[in-house]
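Below: the structure, in structure tokens.
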Amino acid sequence: MGMSNFKKLQLPREHGAWAMVYIPFLLGALTANGFHTMVWGLLVAVSGVFFSRESLRSWWLARQRRKDTSGHLGLLLTYLGIASIPGIILVWRFPWLIAMGVVGLTLLFINGWQTSEKEDRLLRNELLAIGAMALTAPAASYVSSGIFDTRAVLLWGLST
């Protein structure tokens with residue numbers, strides 16, 4: 001895949017963000033019962049939401065500058081659609097994911113707004129983004145074990 005095709009996918013550019021999402025995810029899954037079908041489904045859902053960050057930012061900036069937003073919005077909805085396919089099954093089976101999802105999506109939108117206001121690199125906003133991305137640790141622990149307990153919360157704190 002050429003670089004121009006890669007850019008069209010609007011995947012997150014920050015290398016550290018990838019680690020802040022997937023290392024806590026691995027930590028959560030591996031300290032519980034490991035990987036099984038539902039954990040793989042959570043990985044797809046988490047990836048869809050994570051990938052949507054860039055297109056949300058791009059959509060927000062294009063909208064603010066009164067430019068065409070359709071390509072950004074289409075990609076945003078595609079990534080969120082991909083996330084929702086396993087996400088619907090997961091929240092039905094693991095209801096605590098609803099709370100984590102609401103918190104994570106709220107922080108995603110706050111972070112997108114902060115980017116459009118050029119405030120995304122302030123320390124408080126970086127910490128907010130890190131805390132949101134580290135939610136993958138308790139989510140993976142919960143889905144892997146079927147139990148939402150203090151271990152899940154401690155994994156989030158450690159990952160953050």
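A distance-only check finds a donor-acceptor pair linking the side chain of S144 to the backbone of G34 [under 3.5 Å]. At distances below 3.5 Å, not a single donor-acceptor pair connects side-chain atoms of W156 with backbone N or O atoms of A139. S141 places no side-chain N or O within 3.5 Å of a backbone atom of A137 that could act as its donor or acceptor partner. T136 places a side-chain N or O within donor-acceptor distance of the main-chain N or O of V21, the cut-off being under 3.5 Å. Without hydrogens or angle criteria, S58 side chain to S55 main chain gives no donor-acceptor distance under 3.5 Å. Using modelled atom types, no side-chain atom of R93 and backbone atom of M38 make a donor-acceptor pair closer than 3.5 Å. S52 places no side-chain N or O within donor-acceptor distance of the main-chain N or O of L76, the cut-off being under 3.5 Å. No donor-acceptor distance shorter than 3.5 angstrom exists from the side chain of W59 to the backbone of L75, with no hydrogens or angles considered.
Distance check, rounded to the nearest 0.5 Å: CG of L42 to CD1 of I89 gives 12.5 Å.
Residues F51 and E54 form no side-chain contact, since every pair of their non-hydrogen atoms from C-beta on lies 4.5 Å or further apart.
Taking the six-membered ring where the residue is Trp, the centroids of F25 and W40 are separated by 6.0 Å or more.
Classified by interplanar angle (parallel below 30°, tilted 30° to 60°, perpendicular above 60°), the ring pair W96/F148 is parallel.
With side-chain heavy atoms closer than 4.5 Å counting as contact, directly or through intermediates, the hydrophobic cluster containing L158 also holds L27, L155.
Considering every non-hydrogen atom in both L135 and P138, the closest pair reads O-CD, 3.2 Å.
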